[in-house]
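First the proteins, then the strands, lettered A, B, ... as listed; each starts at 1.
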There are 2 protein chains.
Amino acid sequence: MALFDVRDGTLAAGSAIIPYPDGVITERLPAGPQLDPDWALQNPRDYFRVVEKGVPQALKAAKVQAENVIGIGTDFTSCTVLATKREGTPLCFLPEYRKKPHAWAILWKHHAAQSEADRINEVGRERQEEFISIYGGKYSSEWFFSKVLQVLNEAPEIYAAADKFIEGADWIVWQLTGEEKRNTSTAGYKAMWVKGRGFPSRGFFRAVHPGLENVIEEKVGTAFYPLCTRAGGLRPDWAHKTGLREGTPVSVGVADGHVAIPATTVTRPGALAMVMGTSLVHMLLGTTRQMVEGICGVVEDGIVPGFWGYEAGQYAGGDIFAWFFEHSVPESTHREARRLGIPFTALLEKRAATLQPGESGLLALDWWNGNRSVLVDADLTGLLLGATLATRPEEICRALIEAMAFGTRQIIEAFEAKGLVTQTLVACGGLPEKNKLLMQIFADVTGREIKLAKQLQTCSALGAAMHGAVAAGGAAGGYDSIFEAAEHMAHVQKLTYRPRREHHEVYNRLFKEYQTLHDYFGRGANDVMKRLKALKLERTV
Amino acid sequence: MALFDVRDGTLAAGSAIIPYPDGVITERLPAGPQLDPDWALQNPRDYFRVVEKGVPQALKAAKVQAENVIGIGTDFTSCTVLATKREGTPLCFLPEYRKKPHAWAILWKHHAAQSEADRINEVGRERQEEFISIYGGKYSSEWFFSKVLQVLNEAPEIYAAADKFIEGADWIVWQLTGEEKRNTSTAGYKAMWVKGRGFPSRGFFRAVHPGLENVIEEKVGTAFYPLCTRAGGLRPDWAHKTGLREGTPVSVGVADGHVAIPATTVTRPGALAMVMGTSLVHMLLGTTRQMVEGICGVVEDGIVPGFWGYEAGQYAGGDIFAWFFEHSVPESTHREARRLGIPFTALLEKRAATLQPGESGLLALDWWNGNRSVLVDADLTGLLLGATLATRPEEICRALIEAMAFGTRQIIEAFEAKGLVTQTLVACGGLPEKNKLLMQIFADVTGREIKLAKQLQTCSALGAAMHGAVAAGGAAGGYDSIFEAAEHMAHVQKLTYRPRREHHEVYNRLFKEYQTLHDYFGRGANDVMKRLKALKLERTV
């Protein structure tokens, strides 16, 4: 929970971070049965709890009066799906469903609906449904209908009992305002919805599963509202619980990635916004719809109105370093760092920074968590090539950073192949703050200047506040458009990373090698990674 | 220095290990100039010192009387080359050459003669010289004439001053006996000599370098003696220094790898001997000469008389683990091992041993130090594929062991393609003693039983003693042939490693994947490893 000054986007000196009591549920339901592997759930009661506790705490910490809060924006992980009763009660709140996993909030990173996604893709491709190309060739197991279909397949009684299936982003706004006003953005990116045309036909859903034929009419609905629309005013009970004014305008729901983009200052075509955390998300705006290979989606008005919003990404960002730091850094590095009185990560970065591009002889493929774009293949795995008896940990560390940057460049080139040109990159998220070397290597590899959002780690929060300011409107002290809000509230830092030509030239050569390996292992010439993964499953089950 | 009982090969309970005072000289000559990278020299005075000190010390420790020592065998690293005066004095002993690197003993692992090897291969291929196929397609920079040519190219005054160029193995025997009786084995494996035909023609040497035309006649000679030949008796001065009897029979010189083979019990075709230390050497015996891809050499009588001795190898054995243990084992593993009070290597082995073949999803190419056989390419590098965020150090450790075993299987299959079949493997060296898991994986991967030589780590010493016993002869209490000596003196342990069928079947699948990557990266389809190495040189010089 954070408060931002609507005049210039300044973060109030005081906010609240409330951990979810039940966190991410992957092993066992609270007082309930064990979950299968790949499951990830949340308890919707936690969403309520953090609002109840967090808002009053943030107001107090920031010393802000409720009458000065002119609007509320939210952001939510996506695609997180809830099955609810007609008035919005999640099924898992009801005693009879408390011990049913399918009745809980199915979290974005739930990975147990792969066979459902396969079925959807099979039927989609057969029928040449538009969503196949919108999603770069593949509908993900993480997305809306994969999860809904899993409920239908595995727990038909839950499917039958659910009056609604709804994105968490829309559900929380519904709860706060009493208005079920779903947003067009998550619908477009995760649920096959297309502006002006709506969802695929009932014939498609019937072909996927007879029981799914009427899912839109019965459980989803057809009314969707553009981002920044005022969903309604804060309900009296929530005003009472939070200390905010009754009727405070609340913006329609939005996903945490997309909401950050205008807060990085990217509100027009020409720049690529990079949300760099445990994974990487790349978004840009276009004036036309292009079918770009392996993107996660292209949605009209999906990020800001008037433009096509494109999303792509890399599954492993900071996660790769977390892995490397935990499992591959030798004791000697720790010892030396302690002697110098610095974190071992700083020592590694310092040593890696003295290396020239190409000096280590190493090259990696950044697929430790699969490839999201442009290959859209979770079964690809990481590769390190070029090791010798003289290879040192800082060289491997640098090779992993370079591989990640090559992955981003691969995405940029996929966009450029369709005329979606980017001159600069704007970064936000947790990685840029900590890792100067990483940012410089991204600049050197892509040959582009990288700017940093001023609110690096609170970009989504600022974006949500901007949405709230637009929901409030200019007359109430907010803004009448997200563009206006961005002009005043979004800024970049003075510090930028500029590509060094000499390094860029060496990286051009290394990137060619990366591409050759990328295509060899990723496009079917040698499916060894998939075969090893299949063998692994066979040997562990 | 060790003493063995000629009756049954028992190692006397007492021996002597004498370190070389100047060790391996790679940075700077003692009180002399700095060396270029890739140089490796030794001081021949060290060879004298260890005999003077070591023999009396061993006799004393083992409580053996000199009159009970019936014969002397030696073994030497190969190819180690000395430039000497006519009577055997190394040039580096003379004040005028003391500061000239080329006047010292040029050690087997000296790697600075690559351009000379390239020249030799170029001319050899052009002229279709026989040695090209004998050495599996390539003459190594480590071998005799590469080093001699380097002396001629870089220090013609040393070349001119040298009356002889000689293998260390032959030089030490010459010094001990006063007889310059060179052996056929190192001549065959390292110096292009072929039984019955001798060396390549003067035309070949002239084509390589005009100054080399008469190298054989002038500085090498044409008389070579089979292994186990009695070179002569111990000279009075050496008898005096060592306390041994004057005239004690000394066998002709032999390389440390080859001498070990009969001591593993391998004296007939059908078994593969593996010398497993920092690198791996594989040797077998055949009844005919076959040109096997990428072997290091095939020499008639090269290991035991009457058979063709084949040698192949892998550049990195224990070295890969030394690298992994030093640079890739995380602090948490060390901490847990300390808690359990065991070495961290034991903890890694224990954890790796619980994994099933294929369970890790990892596959590696064991080229951390290049590929010796069958690709004969020092510029190939290591590869690890299949990493995920769940990959653990013990999984990488096991993948490295498996890769090494796949490399051995690749060599076995190259031999088998030419009809050189091996039913069992017999191992000696430092690795088998320490690493049960490694031995079991080698058995599972190759599908063959692995026996262990009884004198695991002293196999070369036992082999040298067996040569000494044959030099002494049956009448003097020794043996009349190496076969007789082996029957009595060489033994295997009771412990053997038998392949487990279920594991072997999974490894058959993984080996196919290994071969595909081996050929893709090693046979020209994608020379990325070489290009990265070239770029590395370009960026570091």
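- For N526(B), the part sitting under 4.5 Å from any heavy atom of chain A is the side chain, from C-beta outward, and nothing else.
- Using the six-membered ring where Trp is involved, F521(B) and Y520(A) have ring planes that are perpendicular, over 60° apart on the 30 and 60° scheme.
- Under the side chain to side chain donor-acceptor pair (under 3.5 Å) criterion, the residue pairs touching residues 328-337 of chain B are E331(A)-H334(B), H334(A)-E331(B), R338(A)-E331(B), E336(B)-R339(B), with sequence neighbours excluded.
- For the atom pair L363(B) CG and T381(A) OG1, the distance stands at 10.0 Å (nearest 0.5 Å).
- In this structure, chain B has a heavy atom under 4.5 Å from the backbone of V329(A), while its side chain stays farther away.
- The CG atom of L532(A) lies 13.5 Å from the CD atom of E359(B); values are rounded to the nearest 0.5 Å.
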Fill in: Chi angles and distances behind the salt bridge (Lys or Arg N to Asp or Glu O under 4.0 Å) call for E326(B), R392(A)
CA-CA 9 Å; E326(B) 189 175 346; R392(A) 295 294 168 266; 5.8 Å; no
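- For chain B, the option among L517(A), T516(A), V506(A) with the highest count of heavy-atom pairs below 4.5 Å is V506(A).
- Interface with chain A: from residues 340-357 of chain B, residues Q356(B), P357(B) qualify, criterion being any non-hydrogen pair under 4.5 Å.
- Contact count against chain B (heavy-atom pairs under 4.5 Å) is highest for A387(A) among P393(A), P330(A), A390(A), A387(A).
- The candidate from I396(A), L385(A), L510(A) with the greatest count of non-hydrogen atom pairs under 4.5 Å with chain B is L385(A).
- Proximity to chain A at a heavy-atom threshold of 4.5 Å picks out N369(B) from residues 369-379 of chain B, in numerical order.
- Chain A forms more heavy-atom pairs under 4.5 Å with one residue of A534(B), A364(B), G358(B) than with any other, namely G358(B).
- If you take OG1 on T388(B) and CD1 on I320(A), they are separated by 11.0 Å, rounding to the nearest 0.5 Å.
- Atom NZ of K530(B) has more than 12 heavy atoms from other residues, nucleotides or ligands within 6.0 Å.
- For residues 349-384 of chain A, the set of pairs meeting the ring pair (Phe, Tyr, Trp, His ring centres under 6.0 Å) definition, not counting sequence neighbours, comprises W323(A)-W368(A), W367(A)-H518(A).
- Heavy-atom pairs under 4.5 Å with chain B were tallied for K512(A), R509(A), K533(A), M529(A); the largest tally goes to R509(A).
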